[in-house]
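The first residue in the sequence is number 1, and the count goes up from there.
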Amino acid sequence: MSGFEGSYLGANDRISDRAIMECKICWTPYEPDHGDDTRQVLPGTPFTALPDDWKCPNCDAPKEQFIVREDPGAPALLESRRIEERVALLTADFREIWNSTMRDVPLVNKVLSVEAVGFISHEGRALGVLISPWFMNLIALPAEGEDWSTLVPGAKEMIDFPSGRYEFIHNVREMVGGYKACSLFSPMGEFQNQMQARDVARAVMAELFNPENIAETDRAAEIRATREAEIAAAEAPAEAPAEAAEPTGTVEAPTRRQLLTGGLAAEPVAEPETGGAE
């Protein structure tokens with residue numbers, strides 16, 4: 001792994017599970033695929049998972065004095081770290097919205113909190129689900145080197161996935177910058193707790209990449225028409241009740257179409273990023 005110099009010294013965050021380490025005293029390697037017969041370490045054990053008292057089987061040097069010989073998992077580790085940093089900015093941005101703007105807005109579900117779920121690297125871009133007390137969205141963030149700061153808020157884009165084509169809305173915020181969002185649920189009053197919302201978010205990520213769903217999601221015209229109704233509803237004067245909606249009952253498992261079209265099989269709802277969020 002380029003950039004890793006000197007002794008290991010317990011820097012678990014700088015090496016991947018596939019890193020091949022080498023004793024800097026006697027040059028004996030530790031290869032995860034082989035493990036260590038002398039200490040009954042099973043093949044497949046990453047260097048970072050070795051016991052703290054593990055030592056070089058040849059010269060007894062402590063594990064802290066090993067260095068990286070090669071790390072085939074380094075690119076994936078760096079990409080994972082880049083995604084974590086971008087997603088941290090995303091959640092920080094929407095926690096700020098929650099604390100400064102949305103906390104006292106009717107219809108928010110106060111048992112929920114802002115949380116990013118299931119983010120992965122998809123075609124070089126971070127993709128996952130953002131949960132908040134007032135919406136759940138599928139979110140795409142730019143790849144390294146991409147500049148989405150010039151996205152026009154409110155512009156629409158159809159994006160292809162193995163399960164079909166989905167409409168995303170462009171937006172730009174101060175901390176995270178440009179991003180693209182596909183509405184899944186809003187408002188969030190049906191959810192009884194964070195775990196329930198988290199389970200649905202994970203289901204969305206699984207079904208998104210299931211090609212068996214493509215027949216259920218090839219409905220671009222209907223999606224466009226429904227989203228236009230949502231935007232019109234968002235621009236109309238709000239008639240919010242005095243009390244925030246209380247979550248009641250259980251959340252029924254959404255159909256595949258509901259999961260993959262952002263709940264568009266249900267009644268049109270206000271676009272979740274508007275109405276006081278911005």
Side-chain angles (χ1 to χ4, degrees), residues 1-4 11-20 32-33 44 46-49 68 70-95 114-132 135-151 155-185 197-214 217 256 259-262 273:
M1 183 176 184
S2 61
F4 188 98
N12 288 346
D13 62 333
R14 300 181 66 185
I15 62 174
S16 79
D17 288 350
R18 300 175 62 194
I20 298 174
D33 288 346
F47 188 82
T48 56
V68 176
E70 61 177 293
D71 190 351
L77 181 68
L78 293 174
E79 175 65 4
S80 175
R81 189 176 303 155
R82 185 188 72 82
I83 289 176
E84 288 175 1
E85 291 172 353
R86 294 304 301 264
V87 172
L89 291 174
L90 176 73
T91 54
D93 222 333
F94 278 88
R95 284 178 184 138
V114 175
E115 181 182 359
V117 176
F119 272 82
I120 60 172
S121 178
H122 174 63
E123 298 181 347
R125 301 182 179 95
L127 179 75
V129 175
L130 183 66
I131 298 169
S132 85
F135 72 86
M136 184 188 297
N137 281 357
L138 182 64
I139 300 286
L141 299 172
E144 187 172 11
E146 281 188 319
D147 181 9
W148 284 4
S149 63
T150 59
L151 291 180
K156 304 174 185 179
E157 176 182 358
M158 300 300 295
I159 299 180
D160 292 322
F161 291 95
S163 57
R165 305 185 73 216
Y166 307 104
E167 184 181 82
F168 282 70
I169 305 296
H170 294 185
N171 209 345
V172 180
R173 289 207 53 83
E174 183 176 353
M175 280 188 269
V176 71
Y179 66 94
K180 301 173 184 180
C182 176
S183 175
L184 297 173
F185 295 92
R198 195 180 295 129
D199 287 344
V200 171
R202 290 179 181 140
V204 168
M205 292 301 295
E207 293 299 312
L208 186 65
F209 292 93
N210 184 354
E212 293 181 1
N213 295 321
I214 195 162
T217 59
R256 288 189 304 186
L259 282 172
L260 296 170
T261 62
E273 250 79 71

Is the backbone N or O of P46 less than 3.5 Å from a side-chain atom of D17, with the two atoms forming a donor-acceptor pair by type? no
Residue pair P142 / G178: nearest heavy atoms and the distance that separates them: CD-O, 3.5 Å
Which atom pair, heavy atoms only, marks the closest approach of T150 to D147? OG1-O, 4.3 Å
Can you tell me how the ring of F209 sits relative to the ring of F161, calling it parallel under 30°, perpendicular over 60° and tilted otherwise? perpendicular
For the atom pair CZ (R125) and CD1 (I159), what is the distance rounded to the nearest 0.5 Å? 7.5 Å
Check V87 against A116 and note the closest heavy-atom contact, atom names and distance. CG1-CB, 3.3 Å
Could you report the tightest heavy-atom contact between S149 and V172, atom names first, then the distance? O-CG2, 3.9 Å
Looking only at heavy atoms, what is the nearest atom pair of S163 and N210, with distance? CB-O, 3.3 Å
Between NE2 on residue H170 and CH2 on residue W148, distance to nearest 0.5 Å: 7.5 Å
Euclidean distance, L141 CG relative to L90 CG, rounded to 0.5 Å: 5.5 Å
Side chain N137, main chain I139, donor-acceptor under 3.5 Å: no
Under a 4.5 Å cut-off applied to non-hydrogen side-chain atoms, are I169 and K180 in contact? no
Take atom CD in E144; do more than 12 heavy atoms of anything else shown fall under 6.0 Å from it? no
First locate atom OH of Y166, then atom SG of C182, and finally report the distance between them rounded to the nearest 0.5 Å. 8.5 Å
Would a 4.5 Å heavy-atom cut-off, applied to side chains only, mark V129 and E115 as touching? no
Heavy-atom side-chain contact between L208 and L127 under 4.5 Å: yes
Gap between atom CZ of F94 and atom CD1 of I131 - 0.5 Å precision: 13.5 Å
Can you check whether L151 reaches N171 side chain to side chain, under 4.5 Å on heavy atoms? no
Find the distance between CD (E123) and CD1 (I120) and round it off to the nearest 0.5 Å. 10.0 Å
Considering non-hydrogen atoms only, spot the tightest contact between A143 and R82 and give its length. C-NH1, 3.8 Å
Using a 3.5 Å distance criterion without hydrogens, assess whether the side chain of R198 forms a donor-acceptor pair with backbone atoms of V117. no
